[in-house]
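What follows is a single structure, written as structure tokens, with notes after it.
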Amino acid sequence: MLNHLRSAGWYEGSDRNAYIHRAWMRRGNPEDSLDGSKPQIAIANTASDLTPCNMHLNEVADSVKNGVWAAGGVPYNLPVVSLGETQVKPTAMLWRNMAAMAMEEMFRANPIDGLVLLGGCDKTIPALLMAAASVDIPAVVVPGGPMLTGHFRGEALGCGTDVWRLSEEARAGKITGAQFLASEQSMIRGKGHCNTMGTASTMAVVAEALGMTIPGFAGTPAADARLLSLSHETGRLIVDMVGIDRKPSDIMTKESFLNAIIAVAAVGGSTNSVVHLLAIAGRLGIDLTLDDFDAAGAGVPVMANLQPSGVFLMDDLYRAGGVLALLTQVKDLFHPEPITVTGRPLVDYLSDRPVYDDTVIVPRDAPLMDDAGIAVLRGNLAPRGAIIKPAAATPALLQHVGPAVVFDSIEDMRERIDDPDLDVTADSVLVLRGCGPRGYPGMPEVGNMPLPQKLLQHGVRDMVRISDARMSGTAYGTVILHVAPEAAAGGPLAFIRTGDIVTIDVENRVLSFDVTDDELQTRSQTPASEAAYAAPVRGWAKLYIDHVMQADTGADLDFLVGGSGEKVGRESH
Ligand code: FES
């Protein structure tokens with residue numbers, strides 16, 4: 001065991017450096033904790049009082065620690081960069097790559113043999129997985145779990161989704177402003193992340209389908225005692241994984257990414273999973289493309305009747321049998337080879353999983369929607385692709401032709417969207433540019449732009465919206481996102497004008513506008529959109545826009561693609 005352990009590179013020997021490494025780490029741990037025979041396990045902990053969805057993770061870390069000790073390892077709490085989706089400005093996505101880069105370097109720089117990755121809120125599991133993939137030492141994810149369901153005036157509240165719904169109802173005059181504000185007290189019931197099938201829930205499912213959690217962990221509510229039991233078990237497991245050197249690259253293969261895409265489709269998961277999966281795959285050198293999402297997701301029915309696509313919430317899914325019971329319904333679609341952290345294939349866990357409530361996990365032969373994986377659209381408006389989540393869209397709008405109403409920036413949209421003189425009808429296509437990775441910067445979740453108030457008041461509840469932005473996983477609507485290349489990178493989105501006729505044909509995967517190639521060549525960007533593009537001169541934002549890739553390749557930084565492995569210093573480059 002001694003020579004196998006990576007941490008022996010710090011602790012082994014009788015020279016001055018080994019003395020220093022050991023002496024400073026004693027701190028009351030058992031005398032033999034650094035004798036070279038015990039795996040040193042870092043608990044990469046995104047607990048933070050400013051990441052409200054992850055505030056409870058210190059308690060979770062304690063359970064992991066107990067499991068590590070029980071299995072003969074030595075645990076260490078390693079606080080890492082944490083991102084509170086609702087709190088950090090301008091958008092948490094600007095900081096995902098920074099978090100992943102900082103985590104990666106600390107995972108590599110420290111004397112650790114294995115990792116337990118504690119995440120929850122949207123960007124935290126993606127950043128942890130990106131970092132662990134680039135270092136490639138044994139690692140397991142502990143998903144922090146969704147919160148229990150809150151209620152307002154007797155009705156269940158889906159956090160996120162119902163914020164959008166209630167705010168639109170207030171703008172439409174269906175409820176008062178005071179009623180809207182009163183719901184704020186009930187929106188967040190307790191510890192855990194958003195209770196819809198938003199990005200956090202989706203990324204927990206992704207981690208599980210990739211094989212990176214103990215199977216059956218994803219979707220366990222944050223307040224459920226079983227979350228702590230599974231955390232303890234994870235602590236034990238990581239010690240075993242170090243012993244046999246089971247690494248992320250042994251678990252996350254091309255086929256496990258395809259399994260994750262199938263799982264996201266089956267649960268009606270967030271569009272944000274696309275950029276995150278592409279980025280994680282990029283760190284592993286796996287050739288995953290947008291087309292893989294369309295191909296692997298094709299024919300997968302949505303069976304999770306969860307907001308934002310359906311009506312129930314994550315606690316209901318757990319009560320109904322959980323994520324594995326749902327995935328069992330489509331077991332035949334999964335690739336059988338990829339293993340999980342336990343060493344057994346994911347499909348081994350997809351049997352004998354009864355469904356206890358088929359209104360929550362609906363039968364495969366009566367799904368919420370057939371063939372509802374994320375669809376990739378292309379055409380002269382999005383040569384490198386754009387995506388839409390049909391399950392969250394209005395079916396009648398999935399084929400649509402209408403005139404564009406173009407906004408040059410988020411500020412422009414906010415200024416004009418409720419203008420009574422805005423020339424817009426229910427058939428119009430709202431187009432927002434300047435919100436891609438480079439333009440904003442950080443690709444904010446503004447793609448589900450609000451509908452014009454005058455249309456809301458006439459009962460319009462959905463319209464086709466197109467942008468180079470992302471959309472919150474808790475949002476819904478006929479919203480086309482991640483247009484690539486983005487406007488700020490010179491994509492055709494920069495040149496569309498109000499009045500151009502836009503064609504959306506999801507069945508045939510088309511997103512185009514009625515401009516000839518010759519006409520397009522003559523068009524230039526509007527001064528307003530150019531003026532709105534971000535132009536940072538220093539710091540992370542400068543590094544970010546100089547190196548961020550487009551959404552169709554995961555919006556990672558170009559120099560972070562791939563990994564440097566576990567070696568430190570000169571050996572790693
Ligand atoms: Fe943290 Fe929704 S804001 S998961």
Side-chain angles (χ1 to χ4, degrees), residues 45-58 60 80-96 99 117-129 141-150 156-167 183-184 186-208 213 217-224 227 264 267-273 275-276 304 306-309 313-315 317-318 323 389 392 442-448 470-476:
N45 188 351
T46 52
S48 162
D49 287 351
L50 282 167
T51 304
C53 307
N54 294 15
M55 283 172 81
H56 63 299
L57 291 182
N58 284 328
V60 175
V80 291
V81 176
S82 189
L83 301 171
E85 189 68 25
T86 51
Q87 308 307 112
V88 294
K89 292 187 175 184
T91 169
M93 185 64 178
L94 175 62
W95 313 111
R96 181 200 67 176
L117 311 170
L118 270 53
C121 197
D122 294 14
K123 304 298 175 292
T124 51
I125 286 180
L128 287 161
L129 280 173
V141 171
V142 167
M147 69 184 79
L148 299 179
T149 305
L157 280 182
C159 44
T161 304
D162 276 324
V163 178
W164 317 128
R165 180 178 62 80
L166 291 167
S167 66
S183 70
E184 180 185 321
S186 317
M187 186 58 69
I188 302 302
R189 179 167 172 199
K191 57 185 169 187
H193 59 68
C194 289
N195 59 4
T196 50
M197 185 46 76
T199 305
S201 300
T202 302
M203 293 312 298
V205 171
V206 160
E208 183 142 322
T213 69
F217 205 147
T220 306
D224 196 302
L227 186 101
V264 170
V267 300
S270 164
T271 50
N272 284 323
S273 61
V275 284
H276 298 324
L306 301 175
Q307 294 188 33
S309 305
L313 294 161
M314 288 301 289
D315 194 18
L317 176 63
Y318 197 60
V323 172
K389 178 178 168 181
M443 208 182 172
E445 293 182 332
V446 295
N448 56 316
R470 292 177 305 119
M471 171 173 87
S472 166
T474 62
Y476 53 89

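Atoms within each ligand, like the ligands themselves, are counted from 1 in listed order.
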- At a cut-off of 2.8 Å, protein N/O/S around atom 2 (Fe) of ligand 1 gives C194 SG
- Item | side-chain hydrogen bond (donor to acceptor under 3.5 Å, both in side chains) partner of S270, chosen from T199, T202, T196 | T199
- Item | Straight-line distance of L313 CG to Q307 CD, nearest 0.5 Å | 4.5 Å
- Where do R96 and D122 land on the side chain to side chain contact (heavy atoms under 4.5 Å, CB included) test, with the steps shown first? CA-CA 10 Å; R96 181 200 67 176; D122 294 14; over 6 Å; no
- Item | Test side-chain hydrogen bond (donor to acceptor under 3.5 Å, both in side chains) applied to S82 and T51, T46, N45, D49, the passing residue | T51
- Query: Can you tell me how far CZ of R470 sits from CG of N272, rounded to the nearest 0.5 angstrom?
  - Reply: 4.5 Å
- Query: Which pairs count as salt bridge (Lys or Arg N to Asp or Glu O under 4.0 Å) when at least one residue sits in residues 193-208, sequence neighbours excluded?
  - Reply: none
